[in-house]
Amino acid sequence: MTRTLITGAQNTWCPGCGNFAIQHTLKNLLSDREREGKSLDDVVLVSGIGCHAKIADYLNINSFYSLHGRAIPVATGIKLANPALTVICCVGDGDAYAEGLDHLIFAAKRNIDITVIVHNNRVYGLTTGQYTPTSPMGFKGRSTPAGTAEYPLNPVELMLASGAGFIARGYTRKMEMLKGLIRAGIAHKGFAFIDVLQICASFFPATDYYDSHVYELPSTGSEDFDSACPLAREWDYNSDARIALGTFFTRVSPTFDERMIPVPIGKEERERAIRELLDARM
Ligand code: SF4
C-alpha cells in the first residue's frame, strides 16, 4: 500500500511561496521511489530553521526538525550512524550560508554522503524580510531600508572550492528540471549540493527577474574542475548577469564513511570513555 505523503499538518506557507514547488518535487520523487519498490522507511529528511524547515512537518517521512544552521551536522550524524539510509537535508540560505556555513563547507570537504537542498530565497522570510548572505547587492529589506552594500555570496563557486562532488542549481519555476537535479543528487554517491532559487512571494518575489536572467546548462555536468570554474563564477554580481541552471560539476570519490576507520574498542572500554567524556563536562 502506498502511503499518503502529505501530512495533515496545517500549511502556513504564503500563497505563491516557492517552498510548495520543492515540497511537491520531493513528494513526486518519493512516490517514484515507492513505485520502484524501494522502501521509504530508509529515507530521512532533516531540516534547519526557517520557512523551509516546515517541510519536515508537511512530508510524511522520517524527519528531524533541527536547529538553525545545524541541520547538516545532524544529517551527518544520521548518515554515519547508519550508512544504509538515504539522508536528504533541506536548509535555508540564512540557515546554511550564515550560521551553518562552516558545517556546509566541512560536509563538502569530507564528502559526507548526503543530499543538501538549499531553499535559497535570498531573504530571511520567517523573520519578515532581513537580508541574507545571498541577497543581491542593493536589496532593500527590513534591516537594510537603504539597500545592502555588499555583493551576494556565490554558493556554487564556494561548493566547487570546498570539494563537493555534485553541484547543481535549480529554480522553483522549473519543476521538471528541479526533479531531475534532486534525483541525480540523491543517486550521487557522496556529497550532493543543490542550490534552489526559491521565490519568496512576500519578501523577494523575484519571478520576473529570474525568468529574464536564468538559462539552462546544456550538459549533465563537467567532471573537470577547470571547465566548471567559469560557469560557477556566473552569478548576479551585476544586473546584466546570467544565472546558469543545471549541473555544474560531478565527480565520484570515496565517501567519508568509506574512508573512516573504526577503532576496535570493547563495550567496557567504550562505556568508560563515554563516562570520562561526560564527567569532563561537569
Ligand atoms: Fe514562503 Fe516567503 Fe512566505 Fe516564507 S515568507 S512562507 S519563504 S513566501
Side-chain angles (χ1 to χ4, degrees), residues 18 21-22 50 52 91-102 104-105 107-109 116-125 129-141 144 147-174 177-178 180-182 184-185 191-200 203-251:
I22 299 174
H52 80 275
V91 288
D93 49 311
D95 193 41
Y97 299 150
E99 191 160 356
L101 183 64
D102 47 351
L104 177 67
I105 291 170
K109 171 184 175 294
V116 172
I117 301 169
V118 186
H119 300 222
N120 184 5
N121 59 13
R122 310 180 73 179
V123 66
Y124 283 103
Q130 297 80 13
Y131 83 106
T132 70
T134 49
S135 298
M137 167 72 97
F139 171 80
K140 289 186 179 163
T144 51
T148 57
E150 56 194 90
Y151 287 109
L153 182 82
N154 180 340
V156 169
E157 189 182 23
L158 177 73
M159 285 294 93
L160 192 60
S162 303
F166 179 95
I167 304 171
R169 183 188 288 126
Y171 175 30
T172 51
R173 278 167 56 80
K174 290 186 181 286
M177 181 192 201
L178 181 60
L181 295 176
I182 297 177
F191 184 78
F193 168 83
I194 303 146
D195 182 75
V196 184
L197 299 175
Q198 181 226 307
I199 299 299
C200 172
F203 301 107
F204 191 43
T207 306
D208 293 344
Y209 172 73
Y210 285 141
D211 286 352
S212 61
H213 283 69
V214 297
Y215 74 98
E216 294 185 22
L217 294 173
S219 73
T220 52
S222 172
E223 291 179 25
D224 177 47
F225 182 90
D226 291 336
S227 309
C229 278
L231 292 174
R233 285 286 303 150
E234 287 184 352
W235 186 222
D236 56 356
Y237 296 117
N238 62 67
S239 56
D240 300 329
R242 299 196 315 156
I243 303 175
L245 302 177
T247 309
F248 293 81
F249 183 68
T250 55
R251 180 180 289 168

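Residue numbers count from 1 along this sequence.
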For the pair [X] (side chain) and [Y] (backbone), establish whether a donor and an acceptor sit closer than 3.5 Å, ignoring hydrogens and angles.
| X | Y | result |
| --- | --- | --- |
| Thr148 | Gly138 | yes |
| Trp235 | Pro155 | no |
| Ser162 | Ala164 | no |
| Ser219 | Gly221 | yes |

Interatomic distance, [X] atom [atom1] to [Y] atom [atom2] [nearest 0.5 angstrom]:
| X | Y | atom1 | atom2 | answer |
| --- | --- | --- | --- | --- |
| Phe248 | Glu157 | CZ | CD | 11.0 Å |
| Asp195 | Ile117 | CG | CD1 | 11.5 Å |
| Arg251 | Leu160 | CZ | CG | 9.0 Å |
| Ile199 | His119 | CD1 | NE2 | 14.0 Å |
| Tyr124 | Cys200 | OH | SG | 13.5 Å |

| field | Candidates Thr172, Thr132, Thr134 - the one meeting side-chain hydrogen bond (donor to acceptor under 3.5 Å, both in side chains) with Asn120 | value | Thr134
| query | Which residue, Tyr209, Tyr210, Tyr151, forms the side-chain hydrogen bond (donor to acceptor under 3.5 Å, both in side chains) with Asp236? | reply |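 For Asp236, the side-chain hydrogen bond (donor to acceptor under 3.5 Å, both in side chains) check succeeds only for Tyr209.
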Least distance between heavy atoms, [X] atom then [Y] atom:
| X | Y | answer |
| --- | --- | --- |
| Ala192 | Gly185 | CB-O, 3.3 Å |
| Ala108 | Met159 | CB-SD, 4.0 Å |
| Pro136 | Phe204 | CG-CZ, 3.7 Å |
| Gly94 | Pro133 | CA-CD, 4.5 Å |
| Tyr237 | Ala241 | N-CB, 4.4 Å |

| message | Can you confirm whether Tyr131 is buried at OH, in the sense that more than 12 heavy atoms of other residues, nucleotides or ligands lie under 6.0 Å from that atom? | response | no
Close side-chain approach of [X] and [Y], heavy atoms under 4.5 Å:
| X | Y | answer |
| --- | --- | --- |
| Thr207 | Tyr171 | yes |
| Asn154 | Leu158 | no |
| Arg169 | Ile243 | yes |
| Leu153 | Asp93 | no |
| Ile194 | Phe166 | yes |
| Lys174 | Val214 | yes |
| Phe139 | Pro152 | no |
| Leu104 | Phe191 | yes |

| query | Looking at Tyr215, is Arg242 sitting on its ring face, NZ or CZ under 6.0 Å from the six-membered ring centre and within 45 degrees of the normal? | reply |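 Yes; both conditions hold, so Arg242 lies above the ring face of Tyr215.
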| said: Testing Leu181, Thr220, Leu217 one by one against Thr247 for a side chain to side chain contact (heavy atoms under 4.5 Å, CB included), which residue passes? | reply: Leu181
| query | Going by the angle between their ring planes, with limits at 30° and 60°, are Phe225 and Phe249 parallel, tilted or perpendicular? | reply | perpendicular
